[in-house]
Number of protein chains: 2
Amino acid sequence: MPMRHDVLEFAVLGVLSDSPLHGYELRKRLAVVLGPFRALSYGSLYPCLRRLQARRLIEELAVTPATESTAPPLSARRARVVYAITADGKEEFATWANSPGPEAWEDEGFAAHLAFFSRTEERVRLRILEGRRSRLEERVEALRDSVVRGRAKVDAYTLTLQQHGLDGAEREVRWLNELIQNEQSSTPQSRPAQAITTPEEQA
Amino acid sequence: MPMRHDVLEFAVLGVLSDSPLHGYELRKRLAVVLGPFRALSYGSLYPCLRRLQARRLIEELAVTPATESTAPPLSARRARVVYAITADGKEEFATWANSPGPEAWEDEGFAAHLAFFSRTEERVRLRILEGRRSRLEERVEALRDSVVRGRAKVDAYTLTLQQHGLDGAEREVRWLNELIQNEQSSTPQSRPAQAITTPEEQA
DNA sequence: CCTGCGATATATCATCCTGATATGTTGTGG
DNA sequence: CCACAACATATCAGGATGATATATCGCAGG
């Protein structure tokens, strides 16, 4: 999937709005933000940074290569280019975070919006979650059709795989329903926690 | 993800070994075979067909409706090119289906192997399922680490998303365990069926 | 001590895939 | 009888990836 430019750019702005970063670290954080651990190449990241720079939404912070006075181990490094968000960039990011377009229902776009939900207004949060839910409900319908229609035609293994995919999609809808409920009742800072340490899992 | 050439080629051979097909229909069936509904472009399919043709693993069946018209030149009816697998192609496919390499643990490779499991020997089926399981267990471990380590650092929404991803990965391991059990006891043609019509799903 | 390895860090490029687009045919509901 | 959707093949600009190159740093083990 070609990763829409706007999604990537706003994800970069979002990550940089926490603190200035250099490319290497930025890339790692983006991998977390854009869907579960979908790393992107530098061949995509650097052009994106250049685009944002051209629009004055980010700027380079020249890191002093000089070793001031003391000679601690943290000097003389290779030039690390640190990028920082500008005032214009912050404005642009805030606008995007609160104006969900169709990109917000897609996988990457939704993950990116969710990653910055704490900077999104409550009513907008609900719009995004509900939009995402109906997007997924469409997918569930498509899969259900396919499983029902293909029941006779495909072999047992393929059917099992399709059923597994369908179950997963339904599970995702249920997860979104939970999020929506939490959103409607109160701010969700204290969800049930859902046992970080999961059960066993026999060898 | 760039879709490995070998996986695509063997998936094509597998689909064509059922019956000869033209490109349009072939593509649709490949979308089912290669992971849940991951359609590929003609820009990938046609070169793949040309590669297979060059290696004499498939051949074109010229289907000409033969309209003996005297109409202007070039107005001949557009040819529907039907591709068929050759004897060499069948041999190559059988070899692949029963010799799982590392590609069989990855998403597309596994889906492709599973789609042709009925043409795979039992002991090989087990090898593939177990290889895939350990591949997924690695993923679960990575996600678990990330959720545990990042628990304090990320906000509640991102944590929820990560937890959701982890749950999904664990669910996939359980599914594979079921398949492996069925494989070990007998041929799995009659899995519990798991209710094609799923429960309700409140609006 | 110093050697090698893995992580940190930036950058480029050939290769190849996707999404858009073009063109034309068949079938069908209004 | 027309419009519109599905069928069918094909090309290409644009762009993402994975490989590769370069260089520093921290550290484990010989």
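Only heavy atoms go into these numbers, but all of them, side chains included; no hydrogens, no water, no symmetry mates.
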What pairs with Gln53(B) under side chain to side chain contact (heavy atoms under 4.5 Å, CB included), at least two apart in sequence or on another chain? Ile58(B), Glu60(B), Tyr83(B)

Taking only residues at least two apart or on different chains, which pairs with a member in residues 27-36 of chain A satisfy side-chain hydrogen bond (donor to acceptor under 3.5 Å, both in side chains)? Glu25(A)-Arg29(A)

Whole-Å distance between dT18(C) P and Leu30(B) CG? 12 Å

Over how many whole Å does the gap from Leu26(B) atom CG to dA10(D) atom P extend? 13 Å

When you get a sec, tell me which of dA16(D), dT10(C), dA8(D) is the closest nucleotide to the side chain of Ser41(A)? dA16(D)

For the helix from dC1(C)-dG30(D) to dG30(C)-dC1(D), what angle lies between the axis at the first five pairs and the axis at the last five pairs, to 10 degrees? 40°

Numerically ordered, the residues 6-22 of chain B set in heavy-atom contact under 4.0 Å with DNA chain C is none

Please enumerate all residues that pass side chain to side chain contact (heavy atoms under 4.5 Å, CB included) together with Glu141(B), with sequence neighbours excluded. Arg144(B), Asp145(B)

Kindly state whether the ring of Phe116(A) and the ring of Phe93(A) have centres lying under 6.0 angstrom apart. yes

Taking only residues two or more places apart in sequence or in another chain, which ones pass side-chain hydrogen bond (donor to acceptor under 3.5 Å, both in side chains) with His164(A)? none

Nucleotide dT10(C), atom P - distance to CD of Glu60(A) in whole Å: 10 Å

What pairs with Arg51(A) under side chain to side chain contact (heavy atoms under 4.5 Å, CB included), at least two apart in sequence or on another chain? His5(A), Glu9(A), Pro47(A), Cys48(A)

Can you pull the ring pair (Phe, Tyr, Trp, His ring centres under 6.0 Å) pairs that have at least one residue in residues 16-45 of chain A, sequence neighbours excluded? Tyr42(A)-Tyr46(A)

Please state whether the rings of Trp96(B) and Phe10(B) are parallel, tilted or perpendicular, taking 30° and 60° as the class boundaries. parallel

Of dG15(D), dC7(D), dA7(C), the nucleotide closest to the side chain of His5(A) is dG15(D)

Could you give the CZ-to-C1' distance, from Arg80(B) to dA8(D), as a whole number of Å? 8 Å

To the nearest angstrom, how far is Arg27(B) atom CZ from dA6(D) atom P? 14 Å

Nearest-angstrom distance from the residue atom CZ of Arg29(B) to C1' of dA8(D): 15 Å

Per the salt bridge (Lys or Arg N to Asp or Glu O under 4.0 Å) rule, what does the pair list look like for residues 83-99 of chain B, sequence neighbours excluded? Arg55(B)-Glu92(B)

Going from CZ on Arg125(B) to CG on Leu114(B), what distance comes out if it is rounded to the nearest 0.5 angstrom? 10.0 Å

I need the CG-P distance between Leu61(A) and dA9(C), as an integer number of Å. 15 Å

With sequence neighbours left out, write down each residue that passes side-chain hydrogen bond (donor to acceptor under 3.5 Å, both in side chains) with Thr158(A), or none if nothing qualifies. Asp155(A)

Of the candidates dA11(C), dT8(C), dT11(D), the side chain of Tyr42(B) sits closest to dT11(D)

Taking salt bridge (Lys or Arg N to Asp or Glu O under 4.0 Å) as the cut-off, I'd like each qualifying pair that reaches into residues 112-121 of chain B, sequence neighbours left out, listed once. Asp18(B)-Arg119(B), Glu121(B)-Arg123(B)

Does anything in residues 43-51 of chain A come within less than 4.0 Å of DNA chain D? Heavy atoms only, and list the residues if so. Gly43(A), Ser44(A)

Taking for Leu40(B) and for Glu25(A) the nucleotide of DNA chain C with the nearest heavy atom, the one nearer the 5' end belongs to Glu25(A)

Of dC7(D), dT10(C), dT18(C), the nucleotide closest to the side chain of Lys28(B) is dC7(D)

